[in-house]
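Notes for the one structure printed next.
So you know, we letter chains A, B, ... as the sequences are listed, proteins then strands, and number each from 1.
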Amino acid sequence: MVPGAPPPATVIADMWRGIGRENPVLVQFLGMCPTMAVTNTLANGIAMGAATTFVLVGSGLFVSLFRKYIAHEVRITSYILIIATFVTLADMILAATFPAISKALGPFMPLIVANCLLLGRAEAFAAKVAVHRAVADGLGMGLGFTLSLSLLSALRETLGHGSLLGHPLFGPRFEPWVFMVMPPGGFFALGVALLALAWIVELRRRRVRAVA
Amino acid sequence: MTFHAIAILGGMGLIFAVFLALANRKLWVWEDPRIDIVASMLPNANCGACGHPGCRAFAEGTVAGTISPAECTVASDDVHKSIAGFLGVDAGTAVRKLARLMCAGGNDVAINLAEYRGLPTCAAAAAVAGGGKGCAWGCLGLADCERACDFGAIEMSDTGLPMVDPAACTACGDCVEACPKGLFTLLAADHRLLVQCKNLIAGDDALEQCRVACTACGKCVLDGAPGLISVASGIAVVNYELNALAEERAAARCPTGAIVWLTGAQFAHLPALAGSERQ
Amino acid sequence: MSFATGFRHGVHPPEEKELTNRLPIRRMPYPDEIVLPLRQHAGNPAKLCVAVGDHVERGDPVGTADGFMSVPIHASAAGTVAGVEWWPHPDGSMALSVRITVDKFAPHVARPRTVPHWEGLTTDEVVLAVQQAGVVGLGGAAFPTHVKLAPPKDHAVHTLIINGAECEPYLTSDHRTMVEYPVRVLFGIRVMMRALGVTKSVVGIERNKPDAIEAMRAAVPADLDVTILPLTVKYPQGAEKMLIKAVTGVEVPSGKLPVTVGVVVQNVGSVAAIAEVFETGLPLVERIVTVSGHGLRRPANLIVPVGTKLRDLLAFCDGVTPDAAEVVIGGPMMGQAQANLDAPVIKGTTGVVVLAKYETRLARSYPCIHCGRCLDACPVFLNPSLLGDFARVGRYQDMVEQHLADCMLCGSCAYVCPSNIPLSQLFQASKVALRRAQAGAA
Amino acid sequence: MSNLAWIFVSTLLVNNFTLVMFLGLCSFFGVTAKIETAWRLGLANTFVLLLTAIFAWLLNTFVLGAAPYLRIVAFIVVIASAVQFVEMAVRKYLPVLFRQLGIYLPLITTNCAILGLALFQTSRHYTLIEGLVFAIGAGLGLTLALSLMASIRERIEVADVPRIARRMGLVLVIASSLSMAFMGFAGMGSAP
Amino acid sequence: MTVVHQHQHGAPVAVTPGKATPTWRLLVTLAVAGGLSGWLVVTVYQITRPAVERYAAQRVAGAVREVLERPARWDTLYLVNGALVSKAPAGPNAQELPIAYVGYDATGKRIGAAVTAAEPGFQELLTLMIGFDPESGALLGFKVLDEKETPGLGDKIETDSSFRTQFADRLPPLTGVKGHPGGNRNEVQTITGATISSRAVIRIVNHAVAKWRPLLQAYHAGGAP
Amino acid sequence: MSAAVAPALVVTASPHVRSQDSTPRIMWNVAATLVPIIVAATWFFGVSSLLVIAAATAGALATERAFGRGGTLADGSAAITGMLLGLTLPAGLSLWMAALGGAFGIGFGKVVWGGLGQNVFNPALLGRAFLQAAFPVAITTWPTVGGRFWTLKGDLFALPFTHPLPDAITSATPLGLLKFEGKGTAIEQLILGNTSGSLGETAALVILAGGIYLAWRGYLNWRIPAAVLLTVIVFSAIVHAVDAHRPDPLFMLFSGGLMLGTVYMATDPVTSPVTNRGRWVFGAGVGVLVVVIRIWGGLPEGVMYAILFMNALVPFINRATQPRLFGTRLGGAT
Ligand SMILES: Cc1cc2nc3c(=O)[nH]c(=O)nc-3n(C[C@H](O)[C@H](O)[C@H](O)COP(=O)(O)O)c2cc1C
Ligand SMILES: Cc1cc2nc3c(=O)[nH]c(=O)nc-3n(C[C@H](O)[C@H](O)[C@H](O)COP(=O)(O)O)c2cc1C
Ligand SMILES: Cc1cc2nc3c(=O)[nH]c(=O)nc-3n(C[C@H](O)[C@H](O)[C@H](O)COP(=O)(O)O)c2cc1C
Ligand SMILES: Cc1cc2nc3c(=O)[nH]c(=O)nc-3n(C[C@H](O)[C@H](O)[C@H](O)CO)c2cc1C
Ligand code: SF4
Ligand code: SF4
Ligand code: SF4
Ligand code: SF4
Ligand code: FES
């Protein structure tokens, strides 16, 4: 075992970690820029999540595959190269399949490269474990990322446009909260999500204490 | 086109590899990577209980061989062993210590002369007329120690005494520092004979202030092994150098219960302060 | 306002001096028992020199000076040593004290002077005599007076400033001293000026004591360069640094002593005490105490034997009213609340104030609203709001960087704070915590 | 307003990289507990942004004309290597500076403001001069946002923040409030 | 948050104290990785390019069709050295040349020209395609290609059709007015609550027509069809 | 033991006495001076003003009550927040929006920060900034002054979350007229408040009087308003002198929310500097930003954003303007 490598775990556990306890957005605050920038509609959020998942899995796979051959001194450069390749691929594929979304995501699609989450996972996890675990971890992190993005973008789209995936929810008299789809609304939505999460945790803690 | 692409990126790769290789030769400042690894294995509480400025300094010391892993009082034995295993050194041993309170004067047994109003901290109360408590040495019960404890090992009893959870106490010494009355001491876990009082007034005058005061009557001195306990300036003192001779018997005849034989936590019989939601 | 008679910032608490400022000083009779803590002054406590059962005369030492930074303690009444024991001290702790059963009717037998006549003494001998007489600053801090009379050689002292500001509400002991014993005060000044080798002295008196200003002016002898300087009425005008600023216009550098700007400050009571010991030959065994407050039945200015228990003192003033809430030694701005009325009057006790409930600060406290009033009150220009924030979360090191050391705990900030935050208490507690941390580290 | 001035004001205030464009948020949230750290990181960022503007212009002009699809890969590899190189050099030759700035350099590689700058600069066809002004505006904007966040966080360190808001909740509310405060500059330079 | 640092500082690595990897391995690693990456990217690029280009063309076509009111066909002209030419010169920068589309109706009559222009709007650059008749100078219409205006406010320049349709047959230079326009051919009504964005559109239109009209007139006068 | 002489002794720390001013007293005094302004607003806009202000205040108080620490309604600060927010809104705003603004201001401008005294941004303005961003059209729909007392100025009772139906007669504010149509407004009209605009920008003289009273009682610090007003006058005079098309200082002073913002919002002790030097800096900053935004910005009015932006700088300003410690005078005796 490589020193400092994560302890062995089942593939399922590797996946769950990213969705729950180590959720990149809600717990680790990684990859904040796309989280804020593209979550003004649910479609964008999901697309960004999917693309990031693709890159996470792809780069995890390659980093893990080549981990024995990548020299320590150039590892960062190599990882970035791998990640950037997958981002470019994702960018092109999205542009060729969903041009509208690709346009909406604008430069934030290529910016996945700089998403701290990717390099972080590559170095802290994929570089140290076997391929199947790296892929499972990438998938889990990606799903966790997508999930949080969906949650946020659903919140923002519902209030900010009165619609979900473009379908109006409340009829014509609904007054949208433009705030929610503007920059401060992005921070605000995540803030509210975090406060709500913390509140739930707190309530549960109190209940446990009351029982004990 | 394919050739173009491969050439550009491959070429760039080559160029940067040369750069980095050169840089690597000329510029690299080497630092033992094991320090990071050991640091990542430590609890990272940065509590200072080991006597070093933070966990990373401890890690540097262990890698350099000047500190043995067991000196981290916070980490579990497993962690000691795995660090020792990783570095290929002996884990070493450390005496397990616990924080003990040298006062049992809860608000049910010790009197108050005046009502203290003001900042609800022991330090502040101590600076104001000693806090209004009859006994000037005794515990003020305002929980500075509970707040100081980073490990949540202290909880106030409903009579206003701090109860230390031996399982959670890491002997970091924060409570010793926090208590303005200096009532905490770090004692080895096997030092079980304890005078739970610091009141220097001798005789019945002390009892007017607190029912569990040490009155310096000297019974424990007679009942303990010779030299183990002595009475000086109004208080009984245990000489822990002779701890091996300590026996429960020494505490048996104390008329006030000021000296006790500990079998676990202090004040274990007291209920915790209800709704203690201090932050 | 002219810089020459005041300082910047500060506060104006109600003076409440009319309760006692017209009452002549009276002598309190001996109580049945007196208690003399061996620690009554800054510096080392005195060393015990009597044993239980010993008989002592008024003026006999019960404790001797322990080094230069210390003074002896003398019995303030004749009687028998009944105990040497831990006793409540006015500072709230327990202190080793000598308890004496007073022989009230012991004749004041003719006994040799313990303190020599001052004429003909060299400077060093004056200093020694002052120390042997147990004189300490009577302004409250109880700093051994002889130490101030022996300034370090590398600093030239040019002015002796006499602190007659008495800016604390309620207190009138210095005021009455100046009105009733101006000649004695000036004699004390003469002694000190000679001991210090200075030619100039200024007595600073707040403008709210016109009778004292008048009495002092009338008593200044022709051969002595003493100026009586009326000062702005503002708390804490009597604080050493503020007084020096008001009198000389100079700020004592942060962290430095007054001698660095060539002055020595003495309280009016202290110089009167020096005068008295050289006149009578008796060491310091009694002091003038203002007993006052809206919670007290009969306020008074009293000459009290050191060691008199508060209980006896208050009883002599007919006791307290039903709405009395706090008994404070010192003035209400800086004084110490007492939990135990067995605590004795000591040399530094300037007054005993019994506050009625309605005057006290028992109201609830609110969070700091950053109104900045405390900044405008602090005479040493600190940021109490910020210090208070740090103190609340225990960031003592940050407080040091914000000059906690310069805070003199005058309480002006807490007085003005609309949110009723106990700022000066926070600072005092922080200072204690820091000191303990340093002691722990050393 | 002249073009350069508009670029500068726009990136500094109107479209502040961090608070309006959402770039470089990881360090905005992660490294703003202390003012000292925050503004140093901001300055280090500004430096790297300037480097990036130059590199991106060089790459666009001389290398990528034939293969624009390699843009992302090329940009990031060049930036990452350059940063690594600068880090080593500073560490070796200017250890004092390294202690103050260098430790942030690796953090900056994965800061999307850097890549964002390169991409925006490309898509807007900025000249080298415009690119440099853009980089300075962006860097100072980043520094401003980081410092403001840090100074506010230092203040709330002594506040009695409710438990549920303590970890990140309040920090996001602060970000939102700051972003609102910057909305006052909206439309600046395009007044009728 | 220490997370950010984690991969930088806390990351455990293979422990080979003091021994550097041989240089050739660094070279090989990066060169191979770069080559592989280039190959992958270019392969996918070639696969996706047709679709991407089709979409791009469709977008332009859609916009041209909209602003020129359904022309039967159109020509693409490139602005090279201050004059319009019908064939783009070869070179890497071909895609970045300013372009005008000249549309014809079924009978082959010229309808007008469509050009793109970008200038600051309320928030960011605002990119429009503008159709006008170079002869009369009258507008045909415009379409927003790219905007970052406030949703629900500034974006009404795109979503509010009553604003957009006003422009047909108006004669630049236009001015924006609040309230009802007096029927002047050079006035358009601004959107309430988005005066700035409306005026930005007007400004861009005015600048674009002023810039392109002489060019196009010169081109047509030069004997081109 | 001690009962004989003193019944039930209390011990507290020194000082044992305190001044008479308390935080609730200050707050309620400020709140009381807002009443004349509300009366003036009602004079101009009729019952709508009362409803809008009441809705904003109710939103603020309800949020403080529900999420604040116990018993904080009595200190009066939440009432000020609600009333001030109400005064910055147009008369015809739907009540649900006003209440939402109050709730946002208190909830995210105050409670999450830890309650009274801990917030960095002005809660009332944060609430308004939120409304401005959320409902930009509704909040820039300015009903005209006058009309009968009982006539509602807009769709006040629109159901929550629904779009208000536009039905009132509206007109642009003086600043809007100037910025978008290049039209000026007579100064008498501005001073009398006979212009459309938010509720509280129509009564400059009443606001000024309230401010003078509060400053005299020491409940607000006069340095901030002095700095703001001076800066605005000087800066806009310079701009006006260079380019006569720009508004003159008098117009600047009496148009928009400058008076209300200067007297009541820039002076919020919690969100302004604690040091006197800092207050000058803060006020000058607000003044400069107001002029800059009004003249070169995209928005006609800049007071709210100017104050919010300067709020963000307050921790900096406080740091930079710490008072000089006694005994550290430069060049003094050492
Ligand atoms: C360590 C120490 C040394 C002092 N040395 C001198 C001294 O040499 N000369 C002097 O005039 N005062 C000296 N003082 C006295 C102080 O200046 C001051 O008068 C005393 O602390 C009482 O001050 P207060 O009553 O204002 O609190 C000294 C004080 C301390 C604490
Ligand atoms: C806040 C404050 C207020 C003081 N007020 C007085 C006062 O009113 N009168 C006085 O004699 N000393 C007062 N002092 C003590 C003086 O600073 C100084 O210690 C004293 O005048 C020195 O004289 P002494 O040593 O003879 O007491 C005050 C000290 C402080 C810190
Ligand atoms: C948050 C916010 C966003 C805005 N967005 C735009 C916008 O996208 N376009 C615009 O023209 N004005 C925008 N404005 C400016 C104002 O609405 C401005 O008052 C308006 O353009 C003036 O139009 P009116 O005179 O018809 O009210 C915005 C204002 C705010 C506060
Ligand atoms: C002079 C003065 C002005 C105030 N101005 C405001 C204000 O503009 N907005 C506000 O929400 N609260 C204001 N308050 C109330 C209070 O300070 C505010 O709610 C705090 O920001 C809450 O922590 C003011 C209070 C005073 C004493
Ligand atoms: S032990 Fe000390 S710190 Fe703890 S409650 Fe008692 S007095 Fe306070
Ligand atoms: S007498 Fe002893 S046990 Fe009682 S309170 Fe005092 S120190 Fe504690
Ligand atoms: S107590 Fe300290 S901080 Fe407060 S006013 Fe006095 S010197 Fe200043
Ligand atoms: S006086 Fe009180 S409320 Fe005002 S700033 Fe100071 S500590 Fe805060
Ligand atoms: S995602 Fe932008 S800095 Fe991390």
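In this structure, the salt bridge (Lys or Arg N to Asp or Glu O under 4.0 Å) partners of D:Lys34, at least two apart in sequence or on a different chain, are D:Glu157.
Proximity to chain A (any heavy atom under 4.5 Å) is shown, for D:Leu23, by both the backbone and the side chain. Of the atoms belonging to D:Phe120, it is side-chain heavy atoms, and not backbone ones, that fall under 4.5 Å from chain A.
Between A:Gly191 and D:Leu172 the shortest heavy-atom distance is CA-CB, 3.6 Å. Closest of all the heavy-atom pairs between D:Ala80 and A:Ile80 is CB-CD1, 3.5 Å.
The shortest distance between side-chain heavy atoms of A:Met36 and D:Met21 does not fall below 4.5 Å. Contact annotation: the side chain of A:Phe179 approaches that of D:Met180 to within less than 4.5 Å [non-hydrogen atoms, C-beta and beyond]. Within the 4.5 Å cutoff, the side chain of D:Ile76 has no heavy atoms near those of the A:Leu81 side chain.
Counting only distance, with no hydrogens or angles, the side chain of D:Arg167 and the backbone of A:Val27 share a donor-acceptor pair below 3.5 Å.
Atom SG of A:Cys33 sits about 4.0 Å away from atom CG of D:Leu25, to the nearest 0.5 Å. Atom CD1 of residue D:Ile72 and atom CE of residue A:Met92 lie 7.5 Å apart, to the nearest 0.5 angstrom. With rounding to the nearest 0.5 Å, the separation of CG in A:Leu203 from CD1 in D:Ile164 is 9.0 Å.
The side chain to side chain contact (heavy atoms under 4.5 Å, CB included) with A:Pro183 is formed by just one residue from the set D:Val20, D:Leu178, D:Leu19; it is D:Val20.
Side-chain rings of A:Phe108 and D:Phe22 stay apart, their centers remaining 6.0 Å or farther from each other.
Looking only at heavy-atom pairs under 4.5 Å with chain A, the residue among D:Ala175, D:Ala74, D:Gly24, D:Ser177 that has the most is D:Ala175.
Proximity to chain A among residues 125-139 of chain D is not found for any residue, judged by heavy-atom separations below 4.5 angstrom.
For CZ of A:Phe98, the number of neighbouring non-hydrogen atoms (other residues, nucleotides, ligands) closer than 6.0 Å is 12 at most. Taking a 6.0 Å sphere around CZ of A:Phe170, one finds it holds more than 12 heavy atoms contributed by other residues, nucleotides or ligands.
Classification of the D:Phe29-A:Phe187 ring pair by plane angle, with boundaries at 30° and 60°, yields perpendicular.
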